[in-house]
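Accompanying notes for the structure given below.
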Amino acid sequence: MDTFLNELNREQHAVVTHYQGPTIVLAGAGSGKTRVLVFKVLYLILQQHVDPSSILMVTFTNKAAHEMLERIKKALIDNAISLTKQNAPTVGTFHSLCARILRRDGHYIGIMPNFAIYDTHDQQEVVKEAMEKLDINSKNIRAKAVSQTISSAKNQMVDPYVYSSIARGYFQEAVAQIYPLYQSLMKDHNAVDFDDLLLETIRLFKKYPEVLEKYQEKFQYVLVDEYQDTNHAQYELTKLLGEKHRNICIVGDFSQSIYSFRGADFRNLEKFKNDFPDAATFPLSQNYRSTQNILDAAFSVISRNTTHPVLSLWTENHQGEDIELYEAESEQNEAEFIIQKIVERAARDPHFSLSDVAVLYRMNAQSRTLEEVFLHHSIPYTLVGGTRFYERKEVKDVLSLLAFLANQKDTIAFSRIEKIGKRRAQKFLEYVNEFNEKNYLENKATIDILDEAVSKIEYLALYDANNPEDKARLENIKEMRSVAIEFPELIEFLENVSLVEQEYMPAEQKKNGVRPEAVTLMTFHGAKGLEFKMVFMVGMEEGMFPHSQALFDNGDLEEERRLCYVGITRAKEKLFMTFAKRRLFFGQRNTNTISRFIFELPESVRERSIALRDQDVPEYF
DNA sequence: GGTCACACAGTTTTT
DNA sequence: CTGTGTGACC
């Protein structure tokens, strides 16, 4: 057990063993960050004999949380320690942590434990409800825009009162009217949105210090990953939870902050230093992932950013293969180039697997052509992203039944049920009565409630198993049943489905239970945290990447550049960047100029490109 | 209560 | 171009 620290390099060792006091870890791409976090927890438990349950680790996604906890558990079992539910560390996202806190202690501030968690779609329904009540024309003011505006106000912790004092112009003044009504409707529905989970927890902590103290006492050690992508509320929460024992360790990388469009603020990394002036800062600068060529390219691009520090990475890996640029005639040709390169590589490298390849793009809309061409050449692919499991119609329908049973003030859920059909909604109400009279909430398992409600309204009869599209819907309901079996308590089930995105995997792949032999297609955002031997970055054109909406604002442009940096650093061995002369977009054929990011690569990369050899470097200002 | 036609918008995304 | 959402009409 003493030897596990030997597996770390000097920088990593320093991070793991510095276990007390405020700590900032600047973890570069591919520097073994996840491993360091796992080892840090192991070190606390094994060497410092810290009670595992007094450790809190906050991650960016639930998937990351799950993987982290599994790795910790496994390592502890190797050291003859097994974790139970009671003594396990708390590992989760800010949202799941706050949901748990509010279920337990929300009653202090008037939140009932069976509250519903509304997703973006539900939020828009509530906004529409508010707009109807206020008689605001939904043609001039779109509910979607309003709900986004309210959400970003909340992210900056601007309440309705403050908002109305700063609102300027037609749209903002309308929002100023809608916002307070939205909040009171949410209360009527006994619901909170994702932003409220954080804000209400902060409100609870500030109003009832004894509640805060309970959690401060529980969580003696607080670790927060991906700190560059925290928003203001998450920054506040970190501070509140950690300020008593001051054993807070935040981990992040300025250059990988890519979520400012939803309220993340990389400056939180700097603010932490002001709040904790004695914080120790550790860099993790050795990269284990990529070749020198790839790191050089990444650095060459990201060093153009001026509003944040850039960590320079080094590696012991060899120089590696050249980065290749390709100018395609069209988006089809771009996809065919990719296929050609994959086939070539497969022919000469027996260890090569299609799962070593990722194609990264800026917008989901770009996946369409790629899919068509991949299909045409019979190259298997996995598409990541798109419509999420719990947002599918049939899944939401069934969930609405359960959501309403758990929280009968949730009229948003009920109006969804009415949309299935008036007669079915009537039938359902009969079941609601039975449910209430016999108190099924307490003495029936989720799966039984689900099956009873679904059969009561004959929901499955809406779909025909012989129709392939319907069959997929029925499969999805089956899939949901298997999650329902895992969570016999209805409230817990609902919390799980609102906060945890189901790992998306088509049914046939799931049966085999192995990672499929297929190329991964996804957005740059989706690739965060992943790595592939061979990476294609496609659509490297002004207006595509950087995206057209980001061209005129330096802050937005720098975020695009960070996204480009994230893309480059996903590659372990081989990186391609492609751009098309002409591209069909929204039914129009456009001619785009080559992305500025291409011109920000090291000169040697550009010189080898036929398309660029004789071209002057354009001025982008 | 269900279907069809038209309008219209159209980044990135997890919680 | 394509998916979604709304409103009119049977």
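Labels below follow one simple rule: chain letters A, B, ... track the order of the sequence lines, proteins then strands, and each chain is numbered from 1.
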query = Within the stacking criterion (centroid distance below 5.5 Å, interplanar angle below 30°), does His547(A) stack on dT11(B)?
reply = yes
request  = Between dT13(B), dT11(B), dG10(B), spot the one nearest the side chain of Tyr259(A), thanks.
outcome  = dT13(B)
inquiry  = At 4.0 Å (heavy atoms only), tell me whether Lys419(A) reaches a base, stays on the sugar-phosphate, or touches nothing.
reply    = nothing
request  = Please say whether the positively charged group of Arg562(A), taken as NZ for Lys or CZ for Arg, lies over the ring of Tyr565(A), i.e. under 6.0 angstrom from the six-membered ring centre and within 45 degrees of the axis.
outcome  = no
query = What nucleotide, of dT13(B), dA9(B), dT15(B), holds the atom closest to the side chain of Asn62(A)?
reply = dT15(B)
Basic-acidic side-chain contact under 4.0 Å: Asp229(A), Lys528(A) = yes
task = Check every strand shown and say whether Phe94(A) touches a base, only sugar-phosphate, or nothing at a heavy-atom separation below 4.0 Å.
result = nothing
task = Please tell me which of the listed nucleotides, dT11(B), dG3(C), dT12(B), lies nearest to the side chain of Arg368(A)?
result = dG3(C)
query = Since syn is defined as within 90° of 0, does dT11(B) count as syn or as anti?
reply = syn
key: Check: Arg362(A) side chain, dT11(B) base, donor-acceptor under 3.5 Å   = no
key: Stepwise salt bridge (Lys or Arg N to Asp or Glu O under 4.0 Å) check, Glu418(A) with Arg424(A)   = CA-CA 8 Å; Glu418(A) 284 181 315; Arg424(A) 284 189 160 88; over 6 Å; no
query = Touch check for Glu559(A), heavy atoms < 4.0 angstrom, all strands: base, sugar-phosphate only, or nothing?
reply = nothing
message = Considering every strand and a 4.0 Å limit on heavy-atom distances, what is the contact class for Asn364(A): base, sugar-phosphate, or nothing?
response = sugar-phosphate
query = The side chain of Thr61(A) lies closest to which of these nucleotides: dT11(B), dT14(B), dT13(B)?
reply = dT14(B)
message = Should Phe261(A) be counted as stacked on dT12(B), where stacking needs a ring-centre gap under 5.5 Å and an angle between planes under 30 degrees?
response = yes
task = Find the distance Arg142(A):CZ to dG10(B):C1' and express it as a whole number of Å.
result = 10 Å
inquiry  = Salt bridge or not between Asp225(A) and Lys33(A)? Use side-chain N to carboxylate O under 4.0 Å.
reply    = yes
inquiry  = Quick check: any donor-acceptor pair below 3.5 Å linking the side-chain of Arg262(A) to the base of dT14(B)?
reply    = yes
key: SB check Glu200(A) Arg203(A) (cutoff 4.0 Å)   = yes
